[in-house]
Amino acid sequence: MTRILVVEDNADLAFGLRATLEFEGYEVAVAENGQDGLRAALESEPDLMLLDLMLPELGGYEVLRRLRREGRRTPVLILTARGEEHDVLMGFDGGADDYVTKPFSTLELLARIRALLRRAGGGTEGSEVHRFGRVTVDPRSRTVFRDGQEVALTPKEFDLLLALVQRKGAVASRSDLLGEVWGYSNTDVPTRTIDIHVAELRKKLEDDPSNPKHLLTVRKVGYRLQA
């Protein structure tokens with residue numbers, strides 16, 4: 001059974017989320033503060049985490065930072081009342097895979113959860129192994145290797161890389177990538193979200209991130225991958 005960890009200090013909201021998710025067939029655990037949420041995520045390794053930002057004891061951004069610092073790739077969907085551009089960018093830059101603001105549509109939230117779990121589980125991207133430079137991308141296992149060493153990518157970073165790789169050198173606009181990878185229209189999330197994730201991929205995959213040879217910017221349009 002798919003396991004979802006809800007880290008939310010509002011007892012009524014946590015109860016409602018748990019009831020809804022369990023009705024959908026998920027196994028649900030709830031943590032009421034950041035410390036307990038981080039501990040549960042590290043110990044039980046859930047398939048997905050719903051994470052509030054304004055938490056007692058340890059804030060949501062810090063929970064996310066420590067989770068990623070431990071190398072955990074658990075998909076994280078931030079669920080918060082903080083919807084300013086700065087907050088959204090901090091969430092994605094910190095390793096979040098999706099960001100939903102309160103109040104939210106239950107149907108939309110469930111759709112986002114299914115999409116994240118589907119991407120994290122793999123099996124829908126095709127089986128062809130892709131190579132560029134010293135990098136190998138395997139969609140089946142959702143793994144990336146550079147010089148034979150596995151590179152730790154967040155689920156969203158992997159989805160973005162795969163979207164570029166599968167275009168075989170064609171240009172991907174920022175709005176196309178927002179729709180394909182994040183499920184947003186180009187008005188929902190600032191396009192800087194794409195730039196931040198590409199910058200992280202360059203740090204992990206390019207010899208010289210400041211002078212990339214593979215993950216190339218197409219000025220005023222988007223990005224393409226040069227094999």
Side-chain angles (χ1 to χ4, degrees), residues 61 64-78 85-99 115-116 119-120 122 124-227:
Y61 288 129
L64 181 59
R65 187 184 71 82
R66 295 190 189 184
L67 187 69
R68 296 305 185 222
R69 188 179 65 190
E70 292 291 327
R72 303 304 175 89
R73 303 183 189 180
T74 305
V76 175
L77 187 155
I78 291 177
E85 177 180 336
H86 173 72
D87 296 312
V88 176
L89 291 175
M90 279 190 63
F92 282 127
D93 191 29
D97 301 282
D98 206 345
Y99 196 109
L116 280 179
R119 289 196 292 266
T124 61
E125 298 94 345
S127 59
E128 179 184 358
V129 174
H130 305 273
R131 296 179 177 84
F132 61 91
R134 295 148 56 193
V135 176
T136 302
V137 182
D138 188 344
R140 293 167 298 183
S141 60
R142 291 182 63 85
T143 52
V144 176
F145 291 86
R146 183 169 181 248
D147 292 334
Q149 299 294 316
E150 185 172 359
V151 180
L153 300 185
T154 68
K156 197 63 67 180
E157 288 171 351
F158 184 89
D159 292 337
L160 176 58
L161 178 62
L162 193 63
L164 293 171
V165 167
Q166 289 180 330
R167 281 174 165 78
K168 301 184 183 298
V171 177
S173 71
R174 288 178 174 84
S175 59
D176 286 344
L177 291 170
L178 280 173
E180 182 175 334
V181 178
W182 277 266
Y184 290 104
S185 70
N186 62 357
T187 59
D188 288 324
V189 172
T191 54
R192 181 162 162 70
T193 299
I194 302 293
D195 303 334
I196 290 170
H197 280 73
V198 170
E200 287 301 311
L201 286 174
R202 285 171 173 166
K203 289 178 185 177
K204 295 177 180 181
L205 302 179
E206 294 277 6
D207 292 336
D208 181 2
S210 63
N211 184 30
K213 302 297 183 184
H214 301 290
L215 296 165
L216 305 180
T217 301
V218 180
R219 191 167 178 266
K220 294 184 178 181
V221 180
Y223 295 95
R224 71 182 184 91
L225 189 137
Q226 173 64 52

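Note that the structure is predicted; figures quoted are calculated from it, not measured.
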Q. What do the steps show when you test R68 against D97 for salt bridge (Lys or Arg N to Asp or Glu O under 4.0 Å), and what is the final call?
A. CA-CA 12 Å; R68 296 305 185 222; D97 301 282; 3.1 Å; yes
Say whether, by atom type as modelled, one donor and one acceptor occur between the side chain of [X] and the main chain of [Y] under 3.5 angstrom.
{"X": "K156", "Y": "V181", "result": "yes"}
{"X": "E206", "Y": "H214", "result": "yes"}
{"X": "R146", "Y": "L205", "result": "yes"}

* Inspect the contact between D195 and R202 and indicate whether a charged nitrogen and a carboxylate oxygen are less than 4.0 angstrom apart. =>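 D195 and R202: not salt-bridged.
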Heavy-atom side-chain contact between [X] and [Y] under 4.5 Å:
{"X": "P212", "Y": "Q226", "result": "no"}
{"X": "R167", "Y": "L225", "result": "no"}
{"X": "D87", "Y": "Y61", "result": "yes"}
{"X": "I78", "Y": "V88", "result": "no"}

Minimum-distance pair of heavy atoms, taken over all atoms of [X] and [Y]:
{"X": "V137", "Y": "F132", "value": "CG2-CE2, 4.0 Å"}
{"X": "L177", "Y": "A163", "value": "CD2-CB, 3.9 Å"}
{"X": "R174", "Y": "Y223", "value": "NH2-OH, 3.7 Å"}
{"X": "L162", "Y": "P139", "value": "CD1-CG, 3.8 Å"}
{"X": "L64", "Y": "G94", "value": "CG-O, 3.5 Å"}
{"X": "L160", "Y": "I194", "value": "CD2-O, 4.4 Å"}

**Item:** CA sep, side-chain torsions, deciding dist, call: R73, E150, salt bridge (Lys or Arg N to Asp or Glu O under 4.0 Å)
**Value:** CA-CA 13 Å; R73 303 183 189 180; E150 185 172 359; 2.9 Å; yes
field: Aromatic plane relationship, F92 with Y99 - under 30° parallel, 30 to 60° tilted, over 60° perpendicular
entry: tilted
| request: Walk me through it: do K204 and L153 pass the test side chain to side chain contact (heavy atoms under 4.5 Å, CB included)? | output: CA-CA 8 Å; K204 295 177 180 181; L153 300 185; 3.5 Å; yes
Quick one: pull up [atom1] in [X] and [atom2] in [Y] and give me the separation to the nearest 0.5 Å.
{"X": "H130", "Y": "Q166", "atom1": "NE2", "atom2": "CD", "result": "5.0 Å"}
{"X": "R72", "Y": "R66", "atom1": "CZ", "atom2": "CZ", "result": "14.0 Å"}
{"X": "E157", "Y": "K203", "atom1": "CD", "atom2": "NZ", "result": "10.0 Å"}

